[in-house]
Amino acid sequence: QVQLVESGGGSVQAGGSLRLSCAFSGRTFEWLLMGWFRQAPGKEREFVAGMVWDSGSTYYADSVKGRFAISRDDAKDTVFLQMDSLEPEDTAVYHCAADDSPLTLGEWVRGRVAGNYWGQGTQVTVSS
């Protein structure tokens with residue numbers, strides 16, 4: 001099984017930056033989809049960013065495009081989410097997700113919550 005561990009959450013003021021990390025292990029399949037989701041207080045979990053591991057292709061929700069960037073470190077089996085120009089609306093628990101099915105990417109780009117593997121989540125708080 002794939003295991004995911006997130007880190008890097010914290011509290012910042014609007015306009016600040018944070019970088020989240022998600023280290024994964026147990027990858028035995030050739031195709032891996034990695035992504036970030038968030039759940040704001042009182043709201044449903046939503047897609048934020050995704051990446052196809054081998055190709056490096058990235059996908060973003062419209063709400064974060066141009067401000068967030070997902071990237072990877074292949075040697076360390078780690079995916080990152082660089083968050084710049086943070087806004088109070090970005091406040092949420094951020095979860096790392098992984099899946100081994102290319103079909104899941106279609107769900108993600110449609111804003112659907114999906115994934116076989118999930119991290120525990122890390123809190124991001126942005127103050128106005």
Side-chain angles (χ1 to χ4, degrees):
Q1 289 281 87
V2 173
Q3 300 176 18
L4 299 86
V5 180
E6 301 114 323
S7 62
S11 181
V12 299
Q13 291 186 317
S17 299
L18 285 173
R19 190 181 77 160
L20 307 182
S21 299
C22 176
F24 64 91
S25 60
R27 183 191 181 193
T28 59
F29 37 79
E30 296 183 0
W31 198 93
L32 182 64
L33 179 68
M34 301 292 299
W36 291 94
F37 292 75
R38 67 186 182 186
Q39 186 168 13
K43 296 186 177 181
E44 298 293 323
R45 189 173 299 183
E46 64 177 345
F47 170 75
V48 176
M51 180 188 67
V52 180
W53 184 261
D54 288 339
S55 69
S57 300
T58 58
Y59 308 86
Y60 299 93
D62 289 340
S63 60
V64 306
K65 198 168 186 177
R67 300 188 298 118
F68 291 10
I70 187 171
S71 61
R72 65 183 172 93
D73 186 331
D74 190 36
K76 296 182 178 180
D77 287 342
T78 302
V79 62
F80 305 96
L81 184 67
Q82 178 66 43
M83 304 184 294
D84 297 325
S85 301
L86 284 164
E87 304 169 352
E89 292 75 17
D90 297 317
T91 295
V93 176
Y94 284 71
H95 294 265
C96 181
D99 203 279
D100 59 351
S101 174
L103 297 177
T104 301
L105 180 61
E107 297 296 305
W108 288 11
V109 300
R110 293 174 61 188
R112 300 283 294 275
V113 176
N116 287 336
Y117 313 101
W118 293 87
Q120 80 285 356
T122 184
Q123 176 70 48
V124 171
T125 302
V126 184
S127 301
S128 61

Atom CD of Glu44: over 12 foreign heavy atoms under 6.0 Å
no
Got Ser21 and Lys76 here, is their nearest side-chain heavy-atom distance under 4.5 Å?
no
Do the non-hydrogen side-chain atoms of Asn116 and Asp100 ever get within less than 4.5 Å of each other?
yes
Validation row: Phe80, Cys22 side chains within 4.5 angstrom (heavy atoms):
no
Taking all non-hydrogen atoms of both residues into account, name the closest pair between Met51 and Ile70 and its distance.
CB-CD1, 3.8 Å
d(Leu18 CG, Leu81 CG) to nearest 0.5 Å is 9.5 Å
Do Leu4 and Met34 touch side chain to side chain, with heavy atoms closer than 4.5 Å?
yes
To check you understand the geometry: which heavy-atom pair defines the closest contact between Ser17 and Gln82, and what is its length?
CB-NE2, 4.0 Å
Taking Gln39 for the side chain and Lys43 for the main chain, is one N or O donor matched with an acceptor at less than 3.5 Å?
yes
If the condition is salt bridge (Lys or Arg N to Asp or Glu O under 4.0 Å), which residues does Glu89 pass it with, not counting sequence neighbours?
none
Side-chain contact test, heavy atoms from C-beta onward, threshold under 4.5 Å: evaluate it for Met83 versus Val12 and give yes or no.
no
Measure the spacing between CZ of Arg72 and OG1 of Thr58 and express it to the nearest 0.5 Å.
11.0 Å
Residue pair Arg38 / Ala92: nearest heavy atoms and the distance that separates them
CB-CB, 3.7 Å
Please report the closest heavy-atom contact between Ser127 and Ser11, naming both atoms and the distance.
OG-OG, 4.4 Å
Shortest non-hydrogen separation from Leu86 to Arg67 and the atoms involved
CA-NH1, 3.9 Å
Could you grab the distance from atom OG of Ser57 to atom CG of Leu33, nearest 0.5 Å is fine?
10.5 Å
Mind checking the CG-CZ spacing from Leu32 to Phe24? Nearest 0.5 Å is all I need.
5.5 Å
Is the shortest heavy-atom distance from the side chain of Leu20 to the side chain of Glu6 under 4.5 Å?
no
Backbone N or O of Val126 within a donor-acceptor pair of the Thr91 side chain at under 3.5 Å?
yes
Answer yes if Val48 and Tyr117 sit in the same cluster of Ile, Leu, Val, Met, Phe, Trp and Tyr residues linked by side chain heavy atoms under 4.5 Å apart, and no otherwise.
yes
Using the test ring-ring contact (aromatic ring centres under 6.0 Å, His included), find all partners of Phe37 that sit at least two apart in sequence or belong to another chain.
Phe47, Trp108, Trp118
One should read off an interatomic distance between Leu105 CG and Tyr59 OH, to the nearest 0.5 angstrom, of 5.0 Å
Straight-line distance of Ser128 OG to Gln13 CD, nearest 0.5 Å:
9.0 Å
